[in-house]
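Notes to accompany the following structure.
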There are 2 protein chains.
Amino acid sequence: MINKSSPIPIYHQLEERIKTEIEEGSLKSGDLLPSEREYAETFKISRMTVRQAISNLVSNGYVYRKKGTGTFVSQKKFEQILPGLTSFTEDMKRRGMVPSNELVEFSILPAPEEVAHALDIKNSESVYKIERIRLADNFPMALETTFVSKHRIEGITEEIAHTSLYEYFESTLNLNIDHATQLIESSIINSEEKKLLHMKTGDPVLLIQRTTYLDDGTPLEFVKSVYRADRYRFMIDMKR
Amino acid sequence: MINKSSPIPIYHQLEERIKTEIEEGSLKSGDLLPSEREYAETFKISRMTVRQAISNLVSNGYVYRKKGTGTFVSQKKFEQILPGLTSFTEDMKRRGMVPSNELVEFSILPAPEEVAHALDIKNSESVYKIERIRLADNFPMALETTFVSKHRIEGITEEIAHTSLYEYFESTLNLNIDHATQLIESSIINSEEKKLLHMKTGDPVLLIQRTTYLDDGTPLEFVKSVYRADRYRFMIDMKR
DNA sequence: GAGTGGTCTAGACCACCCC
DNA sequence: GGGTGGTCTAGACCACTCC
């Protein structure tokens with residue numbers, strides 16, 4: 001159950017164990033968990049280690065603590081758990097669709113004002129511009145334009161633009177994407193985008209501007225997206 | 001600097017101290033913080049207590065840790081920090097506007113299907129229905145319909161509906177609002193809402209459906225909102 | 001009063017990074 | 001090799017809740 005000589009931290013083993021019990025139903029919504037001291041004695045580990053495991057479960061919304069009373073399983077429905085920041089590719093896969101891209105433009109140019117500001121670089125600096133139609137099950141869902149500082153990130157190719165940029169950033173470059181700010185607004189499709197997305201005048205679209213940051217706070221990419229409102233709804237979970 | 005006999009936890013005092021140093025500029029973006037052992041010795045406290053303070057700062061995005069190297073101040077621009085889940089009232093105040101409400105409907109009725117599902121109650125159960133035009137600087141921004149289980153929450157009055165429901169939940173009832181899921185989509189104004197928001201046919205709107213939860217996972221309220229797209233853009237910050 | 005989570009201590013060993 | 005954060009221990013006292 002808990003392997004003390006494993007390279008996997010004990011708190012993480014306990015965390016996964018409890019998580020499994022919740023997901024498999026042996027711990028149900030509203031149930032009282034064993035106390036921290038009980039866990040500590042059962043597994044012959046320190047109470048502080050137990051606390052670290054439970055604190056992580058609290059952060060992830062699996063359980064909540066009540067002072068002087070105990071720790072309980074949350075009511076949350078885990079089948080509809082919402083992930084945090086996701087890429088288009090991940091998003092569509094999660095919705096059970098097959099994502100693909102059509103490259104509209106791949107170029108390197110001096111950063112436009114708005115882009116330079118978002119990426120916190122000078123106007124003269126070179127950026128990649130990657131414009132793609134993003135499809136799900138071969139149906140156009142969005143038009144997405146990504147800007148990345150060429151000085152910060154090297155080696156983006158058309159090849160990579162055809163798959164997932166996030167995967168390239170994280171798996172190949174080993175960058176730690178930490179968070180993103182997004183500006184979401186409702187609008188009407190404009191004439192340029194109309195054809196690319198197979199829409200007609202007056203159709204509503206969801207405009208999303210995203211700036212993605214690494215854990216040290218450096219902006220990684222600036223993305224402007226136009227989503228077909230009839231095909232795409234944005235879902236988020238926010239902490240108070 | 002650090003008062004050990006204060007009722008305020010030591011980790012929280014240290015946390016606030018470091019936060020102040022960052023905000024006032026004595027610790028700048030990219031700066032290396034004193035090591036955990038250094039803090040511990042300086043303030044004659046345990047390293048675990050220091051770690052608790054720094055862990056909270058990491059969660060809030062103020063600093064980040066690099067294994068084997070140290071802890072650094074993030075690049076984040078704190079003047080534009082984005083808060084988490086906010087109410088309309090808080091949101092507008094933060095944007096420098098004066099929020100107000102116009103009550104359109106205040107009633108108690110059996111929960112419609114969609115509402116019952118969101119609040120996890122039976123169809124027959126009574127719910128408050130509070131429909132309000134939400135104004136900023138006396139200009140209509142949104143039409144908002146809130147549903148709250150009458151069985152769970154008692155004592156909502158028209159009086160309260162004229163101010164802030166969140167304030168009532170948190171300050172008066174001492175409820176802990178934990179998080180909310182939101183479904184955001186782009187649409188075109190419909191004929192019923194057109195007049196109330198002073199809009200015309202074909203104008204784009206932002207539709208937001210929100211379910212707010214307490215820390216034990218109980219749904220507190222279900223809200224459907226229609227925002228004027230020309231006046232309102234939604235801004236969020238998401239963790240990866 | 002007994003049990004719970006919240007805070008705190010004074011150590012320890014590890015893997016990792018940089019010199 | 002020396003310093004850093006990551007993990008872990010075996011205690012302790014507190015405030016709080018419930019009986």
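Below, all heavy atoms of this structure are taken into account, side chains as well, without hydrogens, waters or symmetry copies. Below, chain A is the first sequence line, B the second, and so on; all start at residue 1.
Sorted by first then second residue, the salt bridge (Lys or Arg N to Asp or Glu O under 4.0 Å) pairs that include residues 37-47 of chain A, not counting sequence neighbours, are A/Glu36-A/Arg47. Judged as a salt bridge (Lys or Arg N to Asp or Glu O under 4.0 Å), the pairs with a partner in residues 154-163 of chain A (not counting sequence neighbours) are, in order, A/Lys150-A/Glu154. For residues 212-225 of chain B, the salt bridge (Lys or Arg N to Asp or Glu O under 4.0 Å) pairs, not counting sequence neighbours, are B/Glu114-B/Lys224, B/Arg210-B/Glu221.
Annotation: salt bridge (Lys or Arg N to Asp or Glu O under 4.0 Å) contacts of B/Glu167 (sequence neighbours excluded): none. With sequence neighbours left out, B/Ser26 forms a side chain to side chain contact (heavy atoms under 4.5 Å, CB included) with B/Glu21. By the side chain to side chain donor-acceptor pair (under 3.5 Å) test, A/Ser46 pairs with no residue at all, sequence neighbours left out. Evaluation of the salt bridge (Lys or Arg N to Asp or Glu O under 4.0 Å) rule for B/Glu125 yields no partner, not counting sequence neighbours. Here B/Thr42 pairs with nothing under the side chain to side chain contact (heavy atoms under 4.5 Å, CB included) rule; sequence neighbours left out. For B/Gln209, the side chain to side chain donor-acceptor pair (under 3.5 Å) criterion is met by no residue, not counting sequence neighbours.
Looking only at distances, no side-chain donor or acceptor of A/Asp91 sits under 3.5 Å from a matching main-chain atom of A/Thr86.
Think of the region where chain A sits on DNA chain C: with heavy atoms and a 4.0 Å cut, that region ends 5' and 3' at C/dG3 to C/dC8.
For the contact set between residues 5-12 of chain B and DNA chain C, defined by any heavy atom under 4.0 Å, the members are B/Pro9, B/Ile10, B/Tyr11.
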Between protein and nucleotides 3-5 of chain D, what N or O pairs are separated by less than 3.5 Å?
{"residue": "D/dG3", "atom": "N2", "partner": "B/Gly68", "partner atom": "O", "Å": "2.8"}
{"residue": "D/dT4", "atom": "OP1", "partner": "B/Ser35", "partner atom": "OG", "Å": "3.4"}
{"residue": "D/dG5", "atom": "OP1", "partner": "B/Thr71", "partner atom": "N", "Å": "3.3"}
{"residue": "D/dG5", "atom": "OP1", "partner": "B/Thr71", "partner atom": "OG1", "Å": "3.1"}
{"residue": "D/dG5", "atom": "OP2", "partner": "B/Glu36", "partner atom": "N", "Å": "3.0"}
{"residue": "D/dG5", "atom": "N7", "partner": "B/Arg37", "partner atom": "NH1", "Å": "2.9"}
{"residue": "D/dG5", "atom": "N7", "partner": "B/Arg47", "partner atom": "NH2", "Å": "3.4"}
{"residue": "D/dG5", "atom": "O6", "partner": "B/Arg37", "partner atom": "NH2", "Å": "2.9"}

